[in-house]
Amino acid sequence: MKGGARAPLGIILRDTVGLIAVFFVVNTATGVYSWVPERTLTTLFAPNLAAFVAVACGILLSRAEPRFRKVGSWVFAAFAGLFVGVALGETVTQVNFQRGLDPVQDLRFMAGVAQLLFDVTGETARFAAYAIFVVGSVALLALGLLAAFLLRVLFTHFKPHTIAFPLSAVFVVLALAVFGPTYTLSMSIARSVAVPTAAEDFVAYELDAAREPNPEYAFPAIADADIHVFLVESYGYTIFSNDVVRAGLYDFLREQGEEIESAGYSIVSHFIEAPIVGGYSWIAQATLFTGQRVASQAGVERVMSTPRTTLFSIFNDAGYHTVFSMPGTVNASWPEGEQFYGFDTLLYGWDFGYSGPSFSFVPVPDQFSIDFVHRKMTETRSGGDETPALIVYGLVSSHGPFNRIPPYLDDWELLGDGTIYHDLEIETFDNDWFSGTQWEEGYIASIRYVMKTITEYITRFVDDDDVIVILGDHQPGQQVRPRGDLFSVPIHYVSRNQSVAERLLAEGFQPGIIPTQDPPHPGMEDFLSQLLRAIGRPIRTTPEIAE
């Protein structure tokens with residue numbers, strides 16, 4: 001077009017449609033964190049900030065002087081790579097954990113990612129994490145350079161007419177009005193650097209001075225019996241909300257419950273709402289053990305920043321020996337956790353002396369770890385030590401990707417150091433961390449194995465007066481969990497002491513191993529006070545005043 005001549009209508013329409021098309025192609029690529037989790041076509045058209053920035057930069061690069069284009073391309077590539085990397089991370093966390101990305105905190109767990117992907121531990125896992133970060137950064141930078149080149153070439157050869165810009169803007173605004181805005185990646189970055197608010201919502205716990213008769217015991221209602229808490233990995237509400245999983249587990253669970261009851265135990269059940277889904281079990285554990293609602297790594301660090309009452313410190317003060325079995329911890333020790341929670345005995349993955357093959361997430365099968373703790377406690381008490389124990393079993397065999405399920409051994413004495421597993425048939429499923437065709441089948445098999453193991457341990461090895469708690473740490477990953485499902489997990493109390501069941505029934509628990517309570521369910525932060533009320537020693541709570 002020369003002078004002030006008006007461009008033909010066809011060229012204006014071509015330029016406008018072309019610019020809009022470019023915008024929505026870029027919008028689809030940069031908005032992956034929005035439309036992938038939602039799995040709806042409408043979210044493809046919801047404009048996001050990154051698309052505006054990318055298209056504007058592409059236009060500027062195409063019109064910049066040659067001496068500025070090279071530098072501009074590298075700057076654009078760096079920012080484009082950063083945005084794409086954060087967008088992919090946001091997508092992964094939204095799909096798997098139903099939460100946003102926390103770039104600062106989540107990067108700290110790259111060693112765990114390497115462990116999952118490559119089945120390595122320790123220094124090898126840390127080296128692999130650095131390698132993933134470096135290779136990923138280089139790949140994202142290369143992708144950014146390619147995007148800069150393509151946009152520059154595109155807008156060099158395709159020069160939208162001036163009137164195409166306002167027309168395109170009107171179209172985008174209309175799309176924004178129709179489909180609604182998507183939250184931008186800046187929200188993720190803001191979450192990662194946000195300063196935690198004051199702790200005015202926290203509470204301090206103290207054992208209630210009121211006791212039942214017989215002050216000889218710290219917990220008179222159970223005469224200071226042992227307490228076993230089984231944290232079952234990925235044992236979640238999806239057992240009842242996913243029709244395939246329900247069909248594979250409902251009758252099995254009912255049979256396990258009947259077997260426990262036939263041994264003289266009472267079972268009462270409910271649901272409890274976990275603060276997270278899909279992973280990050282230690283966040284759920286922080287909620288369980290402190291009675292505080294903790295839903296992020298920043299929250300864990302906030303809670304652990306000052307000494308406070310925990311499940312373990314309460315039982316330590318009551319004269320119990322506290323044990324936490326953590327076979328899934330294989331990369332490093334946890335001195336800050338030991339100091340904060342106050343375990344008497346903390347068992348890491350390497351403490352079990354396991355010499356068998358690996359199963360799914362970590363090597364040690366649940367039956368082996370439970371038996372190891374049992375043998376260790378039996379050995380301690382063989383010398384006449386009658387100290388009651390609180391034992392928390394962190395179980396791992398039902399961890400994703402649900403591909404290698406250990407066999408259950410009826411004769412527990414054959415477990416030895418685990419070498420026997422090399423000679424046994426392992427149930428395998430076509431699943432890995434990237435894809436799978438048997439997610440639900442593998443998940444069903446893993447829960448069957450774990451619950452069978454717990455049932456057999458209760459009916460064959462637990463003392464008559466002991467109190468047992470079985471609960472999930474969180475819901476499984478999105479491969480099994482229905483989209484938008486509750487965060488809730490089942491919780492079961494098992495005991496021959498009828499007073500335990502009676503107290504819990506009065507709080508809304510139901511008899512049997514199948515809970516059916518409608519939501520909303522109590523939060524996992526209620527577990528600490530709930531357990532103490534169940535065994536006849538409530539706690540008093542007082543708000544903490546933030547300094």
Side-chain angles (χ1 to χ4, degrees), residues 218-219 221-233 235 256-257 259-261 263-270 272 285 288-289 310-312 314-316 318-328 341 343-347 352 364-381 385-398 412 450-473 489-497 499-501 503-504 509 513 527-528 530-537:
F219 303 107
I222 61 170
D224 286 359
D226 287 348
I227 299 174
H228 307 259
V229 180
F230 294 94
L231 295 180
V232 181
E233 173 68 37
Y235 180 51
Q256 298 305 299
E259 184 175 339
I260 292 172
E261 290 173 332
Y265 290 94
S266 293
I267 306 176
V268 294
S269 302
H270 207 312
I272 192 167
Q285 292 166 7
L288 284 169
F289 299 157
T310 70
L311 171 70
F312 297 97
I314 288 175
F315 278 86
N316 285 340
Y320 272 64
H321 180 84
T322 57
V323 180
F324 190 18
S325 171
M326 300 177 64
Y341 287 116
F343 322 110
D344 287 324
T345 301
L346 179 59
L347 298 172
F352 291 86
V364 186
D366 288 345
Q367 185 182 9
F368 183 92
S369 66
I370 293 172
D371 179 67
F372 179 86
V373 175
H374 177 75
R375 287 186 280 115
K376 192 175 183 67
M377 295 302 299
T378 300
E379 180 181 342
T380 299
R381 288 172 170 173
D385 186 352
E386 296 298 327
T387 304
L390 166 71
I391 307 170
V392 179
Y393 306 82
L395 304 181
V396 295
S397 292
S398 49
W412 290 56
V450 178
M451 296 304 288
K452 170 70 173 177
T453 298
I454 294 174
T455 296
E456 291 299 309
Y457 182 70
I458 291 173
T459 57
R460 294 168 62 174
F461 300 106
V462 172
D463 291 338
D464 287 350
D465 298 327
D466 290 359
V467 176
I468 302 103
V469 187
I470 308 166
L471 75 157
D473 58 353
V489 298
I491 180 169
H492 318 288
Y493 281 80
V494 180
S495 179
R496 288 192 173 103
N497 187 326
S499 67
V500 173
R503 290 187 182 90
L504 292 166
F509 277 69
I513 202 170
F527 169 74
L528 177 58
Q530 177 192 90
L531 171 63
L532 292 170
R533 291 194 303 272
I535 61 178
R537 186 76 185 276

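Numbering starts at 1 and runs along the sequence shown. Both backbone and side-chain heavy atoms feed into the values below; hydrogens, waters and symmetry mates do not.
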Check: Thr453 side chain, Gln367 main-chain N or O, donor-acceptor pair, under 3.5 Å: no
Closest non-hydrogen atom pair, Phe230 against Leu395: CD2-CD1, 4.1 Å
Min side-chain heavy-atom separation Leu471-Leu231 under 4.5 Å: yes
Salt-bridge present (Arg375, Glu379; N to O < 4.0 Å): no
Minimum heavy-atom distance Asp344-His321, with the two atoms named: OD2-CA, 3.3 Å
Steps toward side chain to side chain donor-acceptor pair (under 3.5 Å) verdict (Thr455, Glu259): CA-CA 8 Å; Thr455 296; Glu259 184 175 339; 5.8 Å; no
Donor-acceptor pair, side chain of Asp226 and main chain of Ala389, under 3.5 angstrom: yes
Donor-acceptor contact below 3.5 Å, side chain Asp465 vs main chain Ile222: no
is_close_aromatic(Phe219, Phe315), centroid dist under 6.0 Å: yes
Distance (rounded to the nearest 0.5 Å) between His374 NE2 and Thr378 OG1: 3.5 Å
Heavy-atom donor-acceptor pair, Asp466 side chain to Ala225 backbone, under 3.5 Å: no
Aromatic ring proximity, centroids under 6.0 angstrom, Phe461 and His228: no
Donor-acceptor contact present, side-chain Ser397 to main-chain Val450, <3.5 Å: no
Distance, nearest 0.5 Å, that separates CD1 of Ile470 from CD1 of Ile458: 4.0 Å
Shortest non-hydrogen contact from Val396 toward Glu233: CA-CB, 4.2 Å
Ring centre gap for Phe368 and Phe352 strictly below 6.0 Å: no
Side-chain (Arg381) to main-chain (Thr387) donor-acceptor, under 3.5 angstrom: yes
Polar side chain donor-acceptor pair, Asn497 to Ser495, under 3.5 angstrom: no
From CA spacing to verdict: ring-ring contact (aromatic ring centres under 6.0 Å, His included), Tyr493, Phe509: CA-CA 9 Å; Tyr493 281 80; Phe509 277 69; 5.6 Å; yes
Non-hydrogen side-chain atoms of Met377 and Val323 separated by less than 4.5 Å: yes
Polar side-chain atom of Arg503 near backbone of Gln530 as donor-acceptor pair, under 3.5 Å: no
Flag, side chain of Asn316 to backbone of Phe312, donor-acceptor distance under 3.5 Å: yes
